[in-house]
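To keep things clear, I will list the structure first and then write my remarks on it.
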Amino acid sequence: MCGVFGILNHRDAANLVYLGLYALQHRGQESAGIASVSNESILSEGNIGEACGSTGTGEQIIAPGTPQIHIEKEMGYVADVFTHERLSRLPGDCAVGHVRYSTAGGSMLCNAQPIVAATNKGPIAIAHNGNLVNGADLRRRLGNEGAIFNSMSDTEVIVHLIARSKAPDLERALIDALSQCSGAYSIVLLAPGRIFAARDPYGWRPLVLGRLDDAIAVSSETCAFDLIGAETIREVRAGEVVAIEGGRVRVAHQFRSEREARCIFEHVYFARPDSVVFGKNVAETRKRFGAQLAREHPVDADVVIPVPDSGVFAALGYAHESGIPFEFGLVRNHYVGRTFIEPKQAIRHFGVKVKLNPVRELIAGKRIVLIDDSIVRGTTSKKIVKMLKQYGAKEVHMRISSPPTTGPCYYGIDTPQRRELIASSSSIEQIREFIEADSLGYLSEEGMVQAVRNGDEPANLYCTACFSGRYPLTNDTDACEPGVARTLLSAQT
Ligand code: SF4
């Protein structure tokens, strides 16, 4: 999963992209990168421009005064990757950036984005959120034609398709390239003087346009606009390719598809609650999930407690609908990163307590409704239930604000393989037994969709594939487990 951000026509472009990425950090914590474009020659690794000759040692010379793409990227968090010095090496009034959580390609620097390339249509930098379902097929075909890849990222495939396109200019080459891509992409592409933003025809991943004075920005989520003080203009529509030039947005192309498939998991878990995603505020949607969950699975209890932070808004909705008081009975340590090294088992096994600690005074002797957004393997839920009981909870009734997760995602969310998902092989009663809860209730698929869609919107506007098994699109069997490929084929017929 990833976050993308871009801005054009602002003298502090790179700094604003840095802030945008900072706000989008929840969408990817493995690597962060920013590319900018200017006519300045800066000595920096990875700069891309039009070569006008070469030195005696064979080094290509970039023509002075011609547009160059500057790039800085590294593994790690945005705040750690970008120092003042790094940002100063990103001049120019347009820039794009990316935060990455690996879905296609491994977690390593070569897969970090933006990807920059000197093409026959000029220098470009591209940042991509999503996953191409035909990425492996395209890579094989391009490889057979002689393409050389520097990464395992499916985004690099798009770069090759642009470079190899026979279209006479970058805009048409991009449209040509995207017409060959199948699957999820929300893209920002930087070129001298312009940014292109594109969303796949199913619209799996969000992408929004904003304005800051004379500058136009594009972001995965609106929370990034809030941070830089930009106002939201509108979403990039599903299938739309827009060109941002000067102070305006022009629709360059509109791809069509028979339906949209907006990822409902963005609303369940992934997006920030203060963002507006697919036209709806995420916090409000989560509260509606919780209220619907209370209607579908009521229970006599004393207190509603969320698993923080993912269950907070759904728990508020559940508490409001049921009339049961809401309490923060579990406190999360926000400073736990991946750097926590568990001491030797001999000292003690910390487990979930490193992240979550119960408030004994709010729990002891209570019948608890425990709300979380999903159960993946079941092991964390089991530990939390056990911990609450150790702290004196009389009963723990687990409620989940989405349906059982039964399948993986092929469109850019890093869910585990099917065999690791407890709901793929266990009934709800078996899961309840495993996590040792007194009762367990999941939000129904109908209830979830009903909570997020407006009355006049089509019922299949949202992708629910990891819950329902109805995958809207696939043609890359390499990306699928064998059982899934069969399911998909039968679902499509
Ligand atoms: Fe979202 Fe699940 Fe569909 Fe993936 S399969 S796009 S996570 S709803």
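The structure presented is a predicted model; accordingly, all values stated were derived computationally and were not measured. Numbering of residues begins at 1 and proceeds along the displayed sequence. Start at 1 and go down the list; that is how both ligands and their atoms are numbered.
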Return yes if a side-chain donor-acceptor contact under 3.5 Å exists between Gln25 and Gln29, otherwise no.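 The answer is no; no qualifying pair exists.
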Test: Arg399 cationic atom under 6.0 Å from Tyr442 six-membered ring centre, within 45° of axis: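 No - Arg399 does not lie over the ring of Tyr442 by the 6.0 Å and 45° rule.
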Side chain to side chain donor-acceptor pair (under 3.5 Å) with Thr155: which residues, sequence neighbours excluded?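 Thr155 satisfies side chain to side chain donor-acceptor pair (under 3.5 Å) with Gln113, His128, Ser153 once adjacent residues are dropped.
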Please name all residues satisfying side chain to side chain donor-acceptor pair (under 3.5 Å) with Ser186, sequence neighbours left out, ordered by chain then number.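 None.
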Does at least one non-hydrogen atom of Arg262 fall below 4.0 angstrom from an atom of ligand 1?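 Arg262 does not count as a contact of ligand 1 under the 4.0 Å cut-off.
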Glu145 bridged to Arg141 by N-O distance under 4.0 Å: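 Looking at Arg141 together with Glu145, the answer is yes, because their closest N to O distance falls below 4.0 Å.
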Going by an N to O cut-off under 4.0 Å, is there a salt bridge joining Lys287 and Glu321?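 The answer is no: the pair does not qualify as a salt bridge.
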Go through the structure and list residues passing salt bridge (charged side-chain N to carboxylate O under 4.0 Å, His left out) with Glu420, not counting sequence neighbours.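 With neighbours one apart ignored, the set is Arg377.
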Which residues and atoms, counting only protein N, O or S, are under 2.8 Å from atom 3 (Fe) of ligand 1?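 Within the sphere that stays under 2.8 Å of atom 3 (Fe) of ligand 1, the protein atoms of type N, O or S are Cys463 SG.
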Under 4.0 Å from a heavy atom of Arg205: give me the atoms of ligand 1 that qualify, with their elements.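 Those of ligand 1 that fall under 4.0 Å from Arg205 are 6 (S).
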